[in-house]
Amino acid sequence: MMVMGSICIAMSLNKGVPFFLKPASFCFILSGVLVLLSVLIFHQSVLALLSSDHSVPLHHELSWSVACVGSAGAILIIAGVLFIILALPFSPWQKCFPHKDSTT
């Protein structure tokens with residue numbers, strides 16, 4: 001999904017068509033959700049392994065790599081939301097802050 005999103009962004013930059021930002025944002029948001037889902041499944045499987053009778057008693061801590069993967073998933077979701085904002089037909093800044101006339 002991240003490769004597809006990157007291809008869409010490359011096509012958007014090369015062709016100058018902002019239409020490709022919407023599929024790219026969808027790909028990045030979906031890949032971020034899938035990364036976070038895989039971290040949750042991994043965490044639950046480790047907890048199930050530790051609670052079973054066939055495992056060696058170990059102390060369970062999340063490592064820095066799990067935190068990095070979680071952060072990567074969050075960054076992908078944030079990037080997808082930013083690409084959706086860029087693909088809007090109007091500027092959100094102009095909607096939030098109306099232009100003041102300099103003649104008044």
Side-chain angles (χ1 to χ4, degrees):
M1 292 306 293
M2 291 187 318
V3 171
M4 255 332 231
S6 300
I7 289 171
C8 289
I9 289 175
M11 289 178 65
S12 174
L13 292 175
N14 287 339
K15 304 293 182 186
V17 180
F19 169 75
F20 289 116
L21 288 177
K22 290 179 186 176
S25 64
F26 173 75
C27 290
F28 281 128
I29 289 173
L30 186 61
S31 64
V33 168
L34 290 175
V35 165
L36 291 178
L37 184 66
S38 67
V39 168
L40 287 174
I41 291 172
F42 173 74
H43 179 67
Q44 291 299 320
S45 65
V46 168
L47 290 179
L49 176 68
L50 291 175
S51 68
S52 69
D53 293 336
H54 303 292
S55 67
V56 177
L58 297 172
H59 181 68
H60 176 255
E61 290 182 10
L62 291 177
S63 67
W64 60 270
S65 60
V66 175
C68 288
V69 170
S71 300
I75 289 171
L76 283 171
I77 292 172
I78 290 169
V81 169
L82 290 176
F83 284 129
I84 286 177
I85 290 172
L86 284 175
L88 289 174
F90 59 87
S91 174
W93 295 113
Q94 291 176 355
K95 290 284 187 176
C96 293
F97 304 113
H99 181 61
K100 295 180 182 178
D101 291 335
S102 60
T103 59
T104 59

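All residue numbers refer to positions in the sequence shown, counting from 1.
Atom CD1 in I78 sits 10.5 Å away from atom CD1 in I29 (nearest 0.5 Å). Atom CG of L82 sits about 12.0 Å away from atom CD1 of I77, to the nearest 0.5 Å.
Under the side-chain contact (heavy atoms from CB on, under 4.5 Å) criterion, L13 pairs with I9, sequence neighbours left out. Considering only residues two or more places apart in sequence or on other chains, I7 meets the side-chain contact (heavy atoms from CB on, under 4.5 Å) condition with V3, M11.
Between V35 and L76, the shortest heavy-atom contact is CG2-CD1, 4.4 Å.
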List, one per line, each side-chain donor-acceptor pair under 3.5 Å for residues 15-28, sequence neighbours excluded.
unit_1, atom_1, unit_2, atom_2, d
S25, OG, L21, O, 3.3
S25, OG, K22, O, 2.7

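In the displayed structure, M4 atom CE is contacted under 6.0 Å by at most 12 heavy atoms of other residues, nucleotides or ligands.
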